[in-house]
Number of protein chains: 2
Amino acid sequence: MSPRGRPRAFDREGALTKAMYVFWARGYEGASLADLTAAMGINPPSLYAAFGGKEALFREAVKHYCAVYGGFTERALREQPTARAAVEAVLRDNARDYVDPAHPSGCMVVLAATNCTPANQGVHDHLRALRRETQESITRRLREGVEDGELPEDTDVEALGGFFTTVLNGLSVQARDGATLPELTASIDVALVAWPAGARE
Amino acid sequence: MSPRGRPRAFDREGALTKAMYVFWARGYEGASLADLTAAMGINPPSLYAAFGGKEALFREAVKHYCAVYGGFTERALREQPTARAAVEAVLRDNARDYVDPAHPSGCMVVLAATNCTPANQGVHDHLRALRRETQESITRRLREGVEDGELPEDTDVEALGGFFTTVLNGLSVQARDGATLPELTASIDVALVAWPAGARE
DNA sequence: CCCTTTCTTTAGCGGTCGCTACAATAAAAG
DNA sequence: CTTTTATTGTAGCGACCGCTAAAGAAAGGG
């Protein structure tokens with residue numbers, strides 16, 4: 001049951017990973033098709049046939065990024081026993097990854113399209129929506145923490161969620177600027193001092 | 001004592017301000033010469049004669065930005081009576097400005113060149129150096145606070161300065177994503193909870 | 001074998017990029 | 001006035017952008 005026609009000569013997922021790294025390092029507009037095809041080891045028509053174009057490739061690369069690297073954010077929020085442990089794990093796990101020399105620094109969702117030409121507004125909006133989802137996930141976990149009695153009843157979960165998201169986004173900028181893991185960790189240690197006092201549990 | 005030759009027909013500083021807004025909104029690489037000349041109301045040769053080129057214009061626009069908008073950071077650190085008041089003023093003043101509808105949102109130094117092609121590495125490095133200077137200024141002010149007895153002797157000023165810089169950078173991302181001033185203010189309120197306890201004064 | 005289908009490479013499309021040669025223009029200097 | 005100096009608008013440079021037409025190449029179906 002092989003497909004008809006000539007089989008693809010390259011590994012699609014491997015090429016997608018290479019493209020992800022290029023977008024991650026240079027941003028959407030900073031990554032040219034020449035950069036992408038060189039990294040993927042293919043020619044433009046192969047890219048177009050397999051992925052549809054630059055923007056479609058980017059969106060798929062972002063999806064792949066979220067599946068691989070956005071995973072521990074969702075996992076931490078879901079699996080950690082307390083809201084406090086969840087938020088702490090989100091910050092520390094992401095910070096550790098932001099400086100992993102195995103790939104570009106910082107978060108691709110934060111850094112790949114911070115400024116865009118009007119022609120690529122859609123790309124910017126797409127990543128902004130993903131950032132908003134992260135903030136909502138964190139805020140939702142905090143709300144559960146209030147309901148579970150881990151946090152005071154009068155906790156402003158919106159403010160707290162906005163704060164930790166702000167820190168998370170700031171860590172990406174710091175990582176891209178060359179901050180080391182101990183430096184990021186030190187910032188996280190300070191940030192967690194702001195965790196509300198008066199927990200019941 | 002007028003200069004020789006034909007006088008310039010446009011206001012140089014006004015054109016520089018217009019260029020700053022374009023760079024601020026679209027980033028260095030996202031701002032084309034056509035965008036810039038259209039906003040400045042001049043033709044490319046006038047831009048080149050008056051400013052030297054795109055990168056030189058950008059650097060001058062950044063300098064102008066720092067003079068106008070970076071001003072209250074330096075002023076707050078210099079004029080506020082305590083380290084605590086200084087850092088709080090830096091955060092609140094900048095946040096208020098990040099969402100000022102009179103100009104693009106967020107901080108130009110943070111957002112205008114977060115990702116660059118290798119050809120424009122110099123622009124990226126220039127802004128990174130400015131961000132580092134901000135962090136060092138904040139950290140220096142914290143160290144003075146320790147020396148003045150406002151902060152505990154064992155305060156990790158590097159960690160605290162890194163934390164507030166992380167928050168400051170994160171606020172730019174949040175502002176660019178459409179966060180309102182109350183939302184940014186709420187994050188700042190939380191961040192200041194992390195201020196070390198045990199001050200003498 | 002040939003035909004169909006799909007991927008491959010080559011080559012290049014129209015458009016935009018940052019930048020500049022050139023000639024016309026407008027001022028001061030003599 | 002003429003000469004000198006500098007800015008102006010026009011018009012277009014070579015290079016690169018994302019993308020694709022065209023033809024060759026590699027598979028299955030007959």
Side-chain angles (χ1 to χ4, degrees), chain A residues 1-16 18-19 22-23 25-61 112-113 115-124 126, chain B residues 1-16 18-19 22-23 25-61 112-113 115-124 126:
Chain A
M1 273 306 172
S2 297
R4 293 288 296 270
R6 177 175 177 172
R8 189 181 287 121
F10 64 95
D11 173 29
R12 190 181 188 279
E13 193 164 352
L16 178 61
K18 294 294 183 64
V22 176
F23 281 129
R26 305 192 180 182
Y28 176 70
E29 295 186 332
S32 70
L33 275 205
D35 295 330
L36 292 164
T37 53
M40 300 164 85
I42 61 177
N43 296 111
S46 295
L47 186 154
Y48 204 80
F51 298 100
K54 187 185 179 183
E55 179 167 348
L57 173 62
F58 178 75
R59 288 175 184 269
E60 198 163 339
N115 37 32
C116 261
T117 58
N120 295 314
Q121 186 75 30
V123 172
H124 177 262
H126 179 55
Chain B
M1 276 306 172
S2 298
R4 293 287 295 266
R6 178 174 177 173
R8 210 197 317 275
F10 64 96
D11 173 30
R12 190 180 188 279
E13 193 164 351
L16 179 61
K18 296 294 182 66
V22 176
F23 281 128
R26 305 192 179 181
Y28 176 70
E29 295 185 332
S32 71
L33 275 204
D35 296 330
L36 292 164
T37 53
M40 299 165 85
I42 60 178
N43 295 111
S46 296
L47 188 154
Y48 204 81
F51 298 100
K54 187 185 179 184
E55 179 167 345
L57 173 62
F58 178 75
R59 289 175 183 267
E60 198 163 341
N115 37 32
C116 262
T117 57
N120 296 313
Q121 186 77 29
V123 172
H124 178 263
H126 178 55

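Each chain gets a letter, A, B and so on, in the order its sequence line appears, and its residues count up from 1. No experiment lies behind these values; they were computed from the predicted model shown.
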Under 3.5 Å, side-chain donor or acceptor atoms of residues 29-40 of chain B against the rest of the protein: list the pairs with distances, not counting sequence neighbours.
from, atom 1, to, atom 2, distance (Å)
B/E29, OE2, B/T117, N, 3.0
B/E29, OE2, B/T117, OG1, 2.6
B/E29, OE2, B/N120, ND2, 2.6
B/S32, OG, B/A34, N, 3.4
B/S32, OG, B/D35, N, 3.1
B/S32, OG, B/D35, OD2, 3.1
B/D35, OD1, B/R26, NH1, 3.0
B/D35, OD2, B/R26, NH1, 2.9
B/D35, OD2, B/S32, N, 3.1
B/T37, OG1, B/L33, O, 2.8
B/T37, OG1, B/A34, O, 3.2

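How far CD of B/E55 is from OH of B/Y28: 4.5 Å, rounded to the nearest 0.5 Å.
Between the axis at the start and the axis at the end of the helix from C/dC1-D/dG30 to C/dG30-D/dC1 there is an angle of 10°, using five pairs per end and rounding to 10 degrees.
Taking atom NZ on B/K54 and atom P on C/dT16, their separation rounds to 16 Å, with Å as the unit.
Annotation: side chain to side chain contact (heavy atoms under 4.5 Å, CB included) contacts of A/A113 (sequence neighbours excluded): A/C116, A/V123, A/L127. In this structure, the salt bridge (charged side-chain N to carboxylate O under 4.0 Å, His left out) partners of B/R12, at least two apart in sequence or on a different chain, are B/E60. Under the rule for a side-chain hydrogen bond (donor to acceptor under 3.5 Å, both in side chains), B/R4 has no partner lying at least two apart in sequence or in another chain.
Within residues 25-40 of chain B, no residue has any heavy atom closer than 4.0 Å to DNA chain D.
Contact detail for A/F23 and A/A112: the closest heavy-atom pair is O-CB, 4.0 Å.
Sorted by first then second residue, the side chain to side chain donor-acceptor pair (under 3.5 Å) pairs that include residues 40-50 of chain B, not counting sequence neighbours, number zero.
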Task: Contact state string [nucleotides 1-9 of chain C, B base, S sugar-phosphate only, - no protein heavy atom under 4.0 Å] - done: ---BBBBSB

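For C/dT20, one of the phosphate oxygens OP1 or OP2 lies less than 4.0 angstrom from a side-chain nitrogen or oxygen of B/Y48.
In this structure, B/L57 and B/L16 have side chains that are in contact, with non-hydrogen atoms separated by less than 4.5 Å.
Contacts between chain A and DNA chain D, taken as any atom within less than 4.0 angstrom of a protein heavy atom, begin and end at D/dC17 to D/dA27.
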